[in-house]
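Quick notes on the structure that follows.
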Protein chains: 2
Amino acid sequence: MTRELPIAGQPPAERADAARNRQKIIEVAARMIATHGADNLSLDEVAREANVGVGTVYRRFGDRTGLIYALIDAQEREFQAAFMTGPPPVGPGAPPAERVRAFLHALVDRKVSQRELFLQLESGPPSARFGGPYRVHHTHLATLLAQARPGADARFLADALLAPINASLISHQQSERGMTAEAIKTGMDDLLRLL
Amino acid sequence: MTRELPIAGQPPAERADAARNRQKIIEVAARMIATHGADNLSLDEVAREANVGVGTVYRRFGDRTGLIYALIDAQEREFQAAFMTGPPPVGPGAPPAERVRAFLHALVDRKVSQRELFLQLESGPPSARFGGPYRVHHTHLATLLAQARPGADARFLADALLAPINASLISHQQSERGMTAEAIKTGMDDLLRLL
DNA sequence: AGACTAACCGGAGAACTCTCCACTTACAAG
DNA sequence: CTTGTAAGTGGAGAGTTCTCCGGTTAGTCT
């Protein structure tokens, strides 16, 4: 008897068939990326493989970037929970400067581990790059920086610290210059120490 | 009698008809961008407008990004000449720290003034983003930084300073947060002062 | 149960980027 | 001037992303 009760002023819940399709599409896309790589992901092919029309994919996810983002979303929620309400040093409790450092390290790890997906996401339209997650990261970082470095332009500084942690730069540093994730984190530490 | 003399060991010069077509394509593309915006540039349409097959466009410029780059190239050459051999403070003669600052300011201006083109270029494949110009800028900046801040990891630092000066972030800062080019330069100055 | 309707579905098709290759042409050499 | 050929040409077509909309269905209400 788990009927969906209508909630006043709430957008109507997703229909059961639609939810099934969304799930199926995400599964298929994840599988196809695992085998063929994210840059060869064709939404036509995803639709075919999921036994769904291509229109359905677009209705559910808006565009290519939207689907990519859906694949990132689960980890992004975890990440946000970690720095908003999780344990120190990344969560509240530690001194701001330390939280900044922990946050940037965690972000580097995140970009490295989902490198391919972020590469796709970041080559989409700017709205995708700076919407949602970026805004949250930026606000969070700017708040910490305002505490750690009163007087500085925290918002610009946040942009400036976030900017080097982008998938295509990291990818370039790793493949073209042989840097490891650790080396990148060390670099960020140096940068922070200088500040 | 201005015949092209063959130069030993040199790749053969571009044929006259090919040069004409290249020129025509660039002109048409520039005009179409001026009227319709860079993100609505269709290479099919450029080809049609230039009375040329689409194959010719691709033979000349490789891909979409290649054509975009050709439109940026003239100013890029000027820019590189300015910081390699031009007058101080951006050119040689001024102290390294000052040259760094002048270089970053000039780069901000450049990205702002050709914002649309860079936006296109930077949303292409990473090879386009970090090929050619980036490599030159990075090498130049790293060299200056090695002099100005001996002991620091100049190469990483160069990446980190170049990263915030990217077209889509700048575009976002301008349109979404109302920052001017001056505000961005001021922010970079603050960052440099902290270092 | 039956009917109503908002949400959903699928696939044709428009618009684009890029590849391929049979044909054409500029131009250096004889 | 003629000729050989490397360079250049153009457009058909493959493979994408995304839009549109007539037909279908899940879930609710009586």
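Below, chains carry the letters A, B, ... as their sequence lines are ordered, and counting in each starts from 1.
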ask   = In terms of side-chain geometry, is the basic nitrogen of A/R77 or A/D73 positioned less than 4.0 Å from the acidic oxygen of its partner?
value =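 Looking at A/R77 and A/D73, the cut-off is met.
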Among the candidates [options], find the nucleotide nearest to the side-chain atoms of [X].
X	options	answer
B/R60	D/dT9, C/dA7, D/dC18	D/dT9
A/A18	C/dC8, D/dG11, C/dT17	C/dC8
B/D17	C/dA26, D/dG10, C/dC9	C/dA26
A/R64	D/dC18, C/dC18, C/dC9	D/dC18
B/Y58	C/dT17, D/dT17, C/dC8	C/dT17
A/V52	C/dC18, C/dG10, D/dT9	C/dG10

Position toward the 5' end of DNA chain D (nearest nucleotide), B/R15 or A/E45 =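 The residue mapped nearer the 5' terminus is B/R15.
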ask   = At under 4.0 Å between heavy atoms, what does B/R20 touch on the DNA or RNA strands: base, sugar-phosphate, or nothing?
value =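 It contacts nothing in the nucleic acid.
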inquiry  = Categorize A/D63 for me: base, sugar-phosphate, or nothing, with a 4.0 angstrom heavy-atom threshold over every strand shown.
reply    =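 Sugar-phosphate, backbone atoms only, no base.
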key: Nearest-0.5 Å distance that lies between atom NZ in B/K111 and atom OG in B/S171   =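 Nearest 0.5 Å value for the NZ-OG distance: 12.0 Å.
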query = Between B/S42 and C/dA15, is there a side-chain N or O to OP1/OP2 distance below 4.0 Å?
reply =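 So the side-chain polar atoms of B/S42 never come under 4.0 Å of the phosphate oxygens OP1 or OP2 of C/dA15.
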ask   = Using a cut-off of less than 4.0 Å, is there contact between a side-chain N or O of B/T56 and OP1 or OP2 of D/dG10?
value =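 Answer yes for this pair, as a side-chain N or O of B/T56 is under 4.0 Å from OP1 or OP2.
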request  = Examine the side chains of A/E76 and A/Q80 and answer whether a donor and an acceptor come within less than 3.5 Å of each other.
outcome  =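 Note: A/E76 and A/Q80 side chains meet the donor-acceptor criterion.
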ask   = Quick one: B/L43 CG to D/dG10 P, roughly how many Å, whole number?
value =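 Going from CG in B/L43 over to P in D/dG10 covers 15 Å.
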